[in-house]
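Residue numbering restarts at 1 for every chain, and letters A, B, ... go by the order of the sequence lines.
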Amino acid sequence: MQQKEDNLKSIISHAKEYGFVFPSSEIYDGLAATYDYGQLGAELKNNIKAYWWKSMVQMHENIVGLDSAIFMHPTTWKASGHVDAFNDPLIDNKDSKKRYRADVLIEEAIEKIRQKIDKEVAKGLKRFEDAFNEAEFRATNPNVLRNVEKITEIENRMRETLGNNDLDGVRNLIIDLEIVCPVSGTKNWTEVRQFNLMFSTELGSVAGDAATIYLRPETAQGIFVNFLNVQKTSRLKIPFGIAQIGKAFRNEIVARQFIFRMREFEQMEMQFFVRPGEEMKWYDYWKSERIKWHKALGIPETSYRFHDHIKLAHYANAACDIEFDFPMGFKELEGIHSRTDYDLKQHEEHSGKKLQYFDPEINENYVPYVIETSIGVDRMFLAVLSSSLKEEQLENDTRVVLSLPAALAPYKVAVMPLTKKDGLPEKAREILNVLKFDFNCVYDEKDSAGKRYRRQDAIGTPYCVMVDHQTLEDNTVTIRDRDTMEQERVAIEDLAGIFTDRCSMKTLLM
RNA sequence: GCGGGCGUAGCUCAGGGGUAGAGCAUCACCUUGCCAAGGUGAGGGUCGUGAGUUCGAAUCUCAUCGCCCGCUCCA
């Protein structure tokens, strides 16, 4: 574990030192669990997304892309179940360690007062028997009135504090009511925390006139609400898929472990619509497709494993994760879920619109079933980065090398002149100016050749082109390989072809 | 949320009441010219932030923010 801890630490500092990932707003001491991608991180992240997009959208005739808005109609989240499932103010009792819904505790306290009133009424009934007028008693008895007033006051406070999201107010109410934990019997309460996974904001700039809307907690719903739009305009027939890459936001209680769990993160999701009854076939298909996508990167296969869900979410009839061996152990990298027709049916119900497909093959209308593949871009980034960063023992020293899959590397080629004179820099720039149309290249002429190689090793550049004196004579250069450290001499005119063969996405997709 | 550890230069860290340090990195010049760490010089830190104690705080105290780990939570 110590080893693992050190691994994550060294990844974090390497990521910062070379401009992959910075703590966000660092000059203001940072913002919890928020990170910015630096100059190299942005390249790597873009390449990861490009690999996914190419493989999912452009390599499949029956999958198309989508880019839906982060803001969605609030009813979307009612339909998806997110509003109800994650909207509770919770409070913990420090002694019993039990967690309660704050509003339920208060309501129970109100209920107790109600019972007091009922007792009072029962007492009155006993006393006056037949002459008892309950309505009048309730309207006049001082004890009852006092308790009714108390309830009204509590209810007002509860409505006000919960409505304003005034969690301290909710806690004060619990303290004032002297509510005790049913288990421990103590009043040793934590703060009240709003366990709503969704971030909310207001649409419309006029206060009071504004509607609360949410930042999407998953990109999937943008696909579901556009299901018919896409299907009708694309002429796609079931089975077909809609893929999307985009930001999602979850107000996690504990966001941690570097970029593994952030409150703002990016997802790559694909929803595959199938005929009901055929979902398990496609579920298995996508399980094998997705693991293939990962394994094509050349990361050791032992770094991956499937984890089948035993307890299924309310919407799923089968689900598994692809787990990756991160520095902190095997954790979820991608989820593959058979979501049934739950989402589309929910949206039909809440919108009143039919979200069905007419299947000409069987001459039937139905709500399609859905297989979802959902992978976190940031997690994929961490997976690639952590599995690539190595310290290698050489004969007389060590080198830090980031053995990124060439197609994902920020720079594909570093072009460098052996010396800063004799026209070598000019020649090197000439080569770079041709290559840069097809490959992200970097130029470096400072320090010794060895040192420059090491610098490129540290940022994962797979190839270095060295321009030397022989270049001026016969238009050949050497290509130095990051992983083997070996060099080969090739003609300048062959460079583009060689790098295409070795660095393009095609190498991963074949 | 609880418990533990930590915060000093871009990175790794030393220092521990009396004017801010090292290695690497960066920049300039020289040297060398195919696997880093040759020479000379330079830049860079109000020691996470804020209060307090003190003649004096990076150092002691408190609070706060942030990071890492474990538990918890989430799925």
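For A/F326 and A/F324, the gap between ring centers is short of 6.0 Å. Less than 6.0 angstrom separates the ring centroid of A/F273 from the ring centroid of A/F227. Taking the six-membered ring where the residue is Trp, the centroids of A/F199 and A/Y214 are separated by 6.0 Å or more.
Taking the six-membered ring for Trp and thresholds of 30 and 60 degrees, A/Y304 and A/H294 have ring planes inclined between 30 and 60 degrees apart.
A cation-pi arrangement is found for A/R290 relative to A/W293, the charged atom lying closer than 6.0 Å to the ring centre and inside a 45° cone about the ring normal. Judged by the 6.0 Å and 45° rule, A/R480 forms a cation-pi pair with A/Y453. A cation-pi arrangement is present between A/K287 and A/F306 under the rule of less than 6.0 angstrom and at most 45 degrees off the ring axis.
B/A42 and B/G23 have their P atoms separated by 14 Å, with the value rounded to a whole Å. Nucleotides B/C47 and B/A37, compared at atom P, are 36 Å apart to the nearest Å. Annotation: B/C35 and B/G43 have their P atoms spaced 34 Å apart (nearest Å). When the P atom is compared between B/U59 and B/G52, the two are found 14 Å apart, to the nearest whole Å. The C1' atoms of B/U49 and B/C67 are separated by 15 Å, rounded to the nearest whole Å. Taking atom P in both B/C71 and B/G18, one finds a spacing of 42 Å when rounded to whole Å. Comparing the P positions of B/U61 and B/A22 gives an interatomic distance of 28 Å, to the nearest angstrom. Using atom P as the reference point in both B/G38 and B/C24, the two lie 8 Å apart (nearest Å).
At the heavy-atom level, A/Y28 lies nowhere under 4.0 Å from the strands shown. When heavy atoms are screened at a 4.0 angstrom cut-off, A/Q257 is found touching the sugar-phosphate backbone but no base atom. At the heavy-atom level, A/S25 lies nowhere under 4.0 Å from the strands shown. As judged by a 4.0 angstrom heavy-atom cut-off over every strand, A/D457 is placed among residues making no nucleic acid contact. At the heavy-atom level, A/R455 lies under 4.0 Å from the strands shown only through sugar-phosphate atoms.
Note: CG (A/L424) to P (B/C34) measures 12 Å, nearest angstrom. For A/M416 and B/C35, the CE to P distance is 14 Å, given to the nearest whole Å. As a whole-Å value, the separation of A/H14 NE2 from B/C68 C1' is 19 Å. Note: CZ (A/F22) to P (B/G48) measures 21 Å, nearest angstrom. Straight-line distance from the CZ atom of A/R452 to the C1' atom of B/U26: 17 Å, rounded to whole Å. Spacing between atom CD of A/E392 and atom P of B/A36 amounts to 13 Å, rounded to whole angstrom units. Between the CD atom of A/E334 and the C1' atom of B/A75 there is a distance of 15 Å, rounded to whole Å. One interatomic measurement links the two molecules: CE of A/M198 to C1' of B/A75, which rounds to 16 Å at whole-angstrom precision.
Side-chain contact check for A/Q244 and A/S68: at least one donor-acceptor pair (N or O, by modelled atom type) lies under 3.5 Å.
Pairing of B/C71, defined by two Watson-Crick or G-U wobble distances under 3.5 Å, is identified with B/G1. Partner assigned to B/G16 is none, using Watson-Crick or G-U wobble distances below 3.5 angstrom. Pairing for B/U54 is absent, with no Watson-Crick or G-U wobble pair whose two atom distances lie under 3.5 Å. Pairing of B/G33, defined by two Watson-Crick or G-U wobble distances under 3.5 Å, is not identified with any nucleotide. B/G7 is paired with B/C65 under the criterion used here, namely a Watson-Crick or G-U wobble arrangement in which both key atom distances are under 3.5 Å. Nucleotide B/U40 is matched to B/A28 when pairs are restricted to Watson-Crick or G-U wobble geometry with both distances under 3.5 angstrom.
Among B/A36, B/C67, B/C68, the nucleotide with an atom closest to any side-chain atom of A/A32 is B/C67. Nearest to the side chain of A/K9, among B/C68, B/C35, B/G33, sits B/C68. Relative to the side chain of A/R489, the nucleotides B/C34, B/C27, B/G48 differ in distance, and B/C34 lies closest. Which of B/C11, B/C65, B/C68 sits closest to the side chain of A/K16 comes down to B/C11. Closest to the side chain of A/Y35, out of B/C68, B/C35, B/U49, is B/C68. Among the nucleotides B/G70, B/G33, B/C65, the one closest to the side chain of A/L418 is B/G33. Of the candidate nucleotides B/C74, B/G70, B/A36, B/A36 has the atom nearest to the side chain of A/R454. Across B/A25, B/C34, B/C68, the shortest atom-to-atom separation from the side chain of A/K451 is found for B/A25. If you check B/C68, B/U12, B/A36 against the side chain of A/S13, the one that comes closest is B/U12. Ranking B/G48, B/A28, B/C34 by closeness to the A/K446 side chain, first place goes to B/A28.
Two residues, A/A33 and A/E17, neighbour RNA chain B, and the one matched to the more 5' nucleotide by heavy-atom proximity is A/E17. RNA chain B is contacted by both A/V400 and A/D321; A/V400 maps to the nucleotide lying nearer its 5′ end (nearest heavy atom per residue).
For A/R480 and B/C35, a side-chain-to-base donor-acceptor distance below 3.5 Å is present, hydrogens and geometry of angles not being considered. Residue A/Y18 places no side-chain atom within donor-acceptor reach of the base of B/C11, judged by atom type and a 3.5 Å distance cut-off alone.
One finds no salt bridge joining A/E445 and A/K421 here, because no Lys/Arg side-chain nitrogen approaches an Asp/Glu carboxylate oxygen to under 4.0 Å.
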